[in-house]
Amino acid sequence: MSTTVFTPADHARMAEALRLAERGLCSTMPNPRVGCVIVKDDRVIGRGWHMRAGEAHAEIHALAEAGAAARGAIAYVTLEPCSHHGRTPPCAGALVAAGVKRVVAAMTDPNPLVSGRGLALLEAAGIKTQVGLLEEEARELNIGFVSRMTRGRPWARVKAAASLDGGTALANGQSQWITSAEARQDGHRWRARACAILTGMGTVRRDNPRLSARGVEASRQPSRIVVDSRLELDPAAHLLADGSPVLVAFAREDRARRVALEERGAECVFLPGADGRVDLPALFGLLGQRNINEVHVEGGHRLNGALLEAGLADELLLYLAPCLLGDTAQGIFALPELARLEDRTILRFHDIATIGGDLRLLVRF
C-alpha cells in the first residue's frame with residue numbers, strides 16, 4: 001500500500017465522494033454510507049453512492065456511469081471496497097474487472113469480513129492503493145457503523161432540549177415546548193438518520209410521543225425502543241399505532257401485559273438487570289447483534305443518567321433555549337451527588353451551531 005502524499009486534486013475528489021456518501025445519510029442502514037468518484041485525465045467520468053441496503057454499492061454506480069472509460073482511471077471511495085459476497089457481489093472485484101489503475105480509500109473497513117482484504121485484493125491485481133485521505137471525515141459519517149463493528153454496540157446520541165440553567169421540564173413534568181420550532185425540526189433530521197429511537201416509560205407516560213421523523217425527507221422510519229421495566233406501556237400508545245417496529249425491553253414478567261403488547265405488534269424482550277431494572281448493556285449488545293448502528297435517545301433524566309452511568313452514552317445533542325426554568329426543574333441527567341469536584345464528568349465540545357433562536361451543542365463523552 002502506497003504512502004504517497006495526497007495532492008490538492010486528490011483532496012477535492014475525495015471531498016466530492018464524501019458529499020455523495022452523505023446522500024445516503026438516512027437510507028443505507030445497516031450498511032455504511034459510501035460515495036465514489038472515478039476520474040480519468042483530470043475529469044470526473046463516474047459518480048455513485050450507496051442508496052440503501054441490498055442495492056448496488058457506490059463503486060458499482062460509479063463504474064456503470066464511467067463505462068469502458070474506467071480502464072486506467074482513478075477511483076476515490078470513502079470506504080475500503082468490500083471483498084466479500086453479501087447481498088451484492090464484492091466491489092473490489094468489480095474495480096479489478098473494470099481495469100482501474102489506482103484506488104484511493106478514505107479509510108479501511110472496520111468490518112472484520114473486509115478490514116484490509118479489499119485493498120489486498122486490489123494490490124494483488126496490480127492496482128495502486130492508498131488509504132487515509134480525509135479519514136476523520138469519513139469516520140464521522142459512519143460513526144455508528146464503526147461503533148457496531150469495533151465495539152459490538154451502536155453509537156448512542158442522547159438528545160435533550162433545555163433552558164440555559166439546564167432544565168428539561170418543570171417539576172410537574174411540563175416540557176412542551178422549551179425550544180423553538182426550528183430546533184424541533186432539526187431534531188427530526190437527527191431522528192431520520194438514526195437506525196432506532198430509544199426512550200423510557202417516563203417519557204412515554206408523560207408525552208405519549210410517536211417517535212417518528214416528521215417534516216423531513218425520510219425514505220424509512222427508525223425503529224422504536226422502549227425501556228419499560230414493568231411492562232407498563234399502554235397498548236393504545238401512539239408509538240404502537242403506525243405498525244413500525246417497536247421493541248419493548250422489560251425486566252419483570254407480566255404475561256397478560258406482554259401478550260397485550262405483542263398483539264399490538266410490539267416485540268417484548270426480557271432483559272433483567274440489577275434492582276428490577278432493564279440490563280442496558282445487554283440491550284445495547286442485542287441492538288448491535290441486530291445491526292443497529294446509531295441510537296437516538298429521547299428519554300428523561302433517569303434514563304439519560306442510567307445510560308451515562310453504564311458507559312453507554314457517546315454524545316449529547318443538546319438544544320439550549322435562551323430562557324430559565326428555575327432550580328426545581330428537572331435536569332438532563334439523574335446522577336448521584338458528588339462529594340469531590342474531581343469526580344465530575346468531563347466532556348468535550350464537538351460542534352456548536354445556532355438553530356433558530358437556540359444554541360445546538362454536540363458534546364462527546
Side-chain angles (χ1 to χ4, degrees), residues 1-25 28 31-51 56-86 88-147 149-150:
M1 188 161 28
S2 172
T3 57
T4 305
V5 175
F6 297 111
T7 68
D10 290 331
H11 280 265
R13 300 310 187 191
M14 187 62 78
E16 183 177 359
L18 284 165
R19 289 192 294 271
L20 289 170
E22 288 177 359
R23 298 189 184 187
L25 189 68
T28 66
N31 290 354
R33 300 133 180 166
V34 182
C36 179
V37 171
I38 298 177
V39 176
K40 189 173 185 179
D41 299 328
D42 296 324
R43 183 174 63 88
V44 175
I45 60 172
R47 295 178 177 88
W49 69 93
H50 185 40
M51 299 177 186
H57 290 185
E59 299 93 321
I60 305 305
H61 285 297
L63 287 171
E65 184 176 303
R71 184 161 301 277
I74 304 170
Y76 296 87
V77 60
T78 59
L79 186 68
E80 174 185 3
C82 61
S83 57
H84 66 294
H85 281 269
T88 58
C91 295
L95 290 165
V96 170
V100 301
K101 68 176 183 180
R102 176 182 170 218
V103 172
V104 182
M107 60 179 287
T108 56
D109 193 331
N111 185 346
L113 294 175
V114 183
S115 194
R117 293 179 178 87
L119 294 171
L121 190 154
L122 295 169
E123 289 180 337
I127 297 172
K128 180 181 178 180
T129 65
Q130 295 170 277
V131 66
L133 177 58
L134 299 184
E135 180 174 2
E136 183 178 347
E137 291 84 347
R139 190 171 295 272
E140 280 293 324
L141 187 59
N142 284 308
I143 197 165
F145 179 76
V146 172
S147 174
M149 289 297 165
T150 59

So, does Asp41 use its side chain to make a donor-acceptor pair with the main chain of Arg43 at under 3.5 Å?
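A pair under 3.5 Å: no.
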[atom2] on [Y] to [atom1] on [X], rounded to 0.5 Å:
X	Y	atom1	atom2	value
Ile127	Arg102	CD1	CZ	12.5 Å
Cys36	Leu63	SG	CG	6.5 Å
Gln130	Leu119	CD	CG	11.0 Å

Could you give all pairs that pass the side-chain hydrogen bond (donor to acceptor under 3.5 Å, both in side chains) test and reach residues 57-70, with sequence neighbours left out?
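Qualifying pairs, neighbours excluded: His57-Thr88.
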Would you list the pairs meeting side-chain hydrogen bond (donor to acceptor under 3.5 Å, both in side chains) in which at least one residue belongs to residues 67-82, sequence neighbours left out?
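side-chain hydrogen bond (donor to acceptor under 3.5 Å, both in side chains) check on residues 67-82 returns Asp10-Tyr76.
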Looking only at heavy atoms, which two atoms of [X] and [Y] are closest? And how far apart?
X	Y	answer
Ile45	Ala73	CD1-CB, 4.2 Å
Gly35	Leu20	CA-CB, 4.3 Å
Pro90	Ser83	CB-C, 3.6 Å
Asp109	Asn111	OD1-N, 2.8 Å
Leu18	Ala138	CD2-CA, 3.8 Å
Met14	Ala106	CE-N, 3.6 Å

A side-chain contact here means heavy atoms from C-beta on lying under 4.5 Å apart; do [X] and [Y] qualify?
X	Y	value
Lys40	Ile74	no
Thr28	Phe145	no
Ile60	Cys91	yes
Val103	Val131	no
Leu79	Pro110	yes

Can you tell me which residue pairs pass the salt bridge (charged side-chain N to carboxylate O under 4.0 Å, His left out) test with a partner in residues 12-22, sequence neighbours excluded?
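Found Glu16-Arg47.
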How would you list all residue pairs meeting salt bridge (charged side-chain N to carboxylate O under 4.0 Å, His left out) that involve residues 138-147, not counting sequence neighbours?
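Qualifying pairs: Glu135-Arg139, Glu140-Arg364.
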Among residues at least two apart in sequence or on other chains, which ones pass side chain to side chain contact (heavy atoms under 4.5 Å, CB included) with Ser115?
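By the side chain to side chain contact (heavy atoms under 4.5 Å, CB included) rule, Ser115 matches no residue at all.
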Which residues pass the salt bridge (Lys or Arg N to Asp or Glu O under 4.0 Å) test with Arg33, sequence neighbours left out?
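Arg33 satisfies salt bridge (Lys or Arg N to Asp or Glu O under 4.0 Å) with Glu294 once adjacent residues are dropped.
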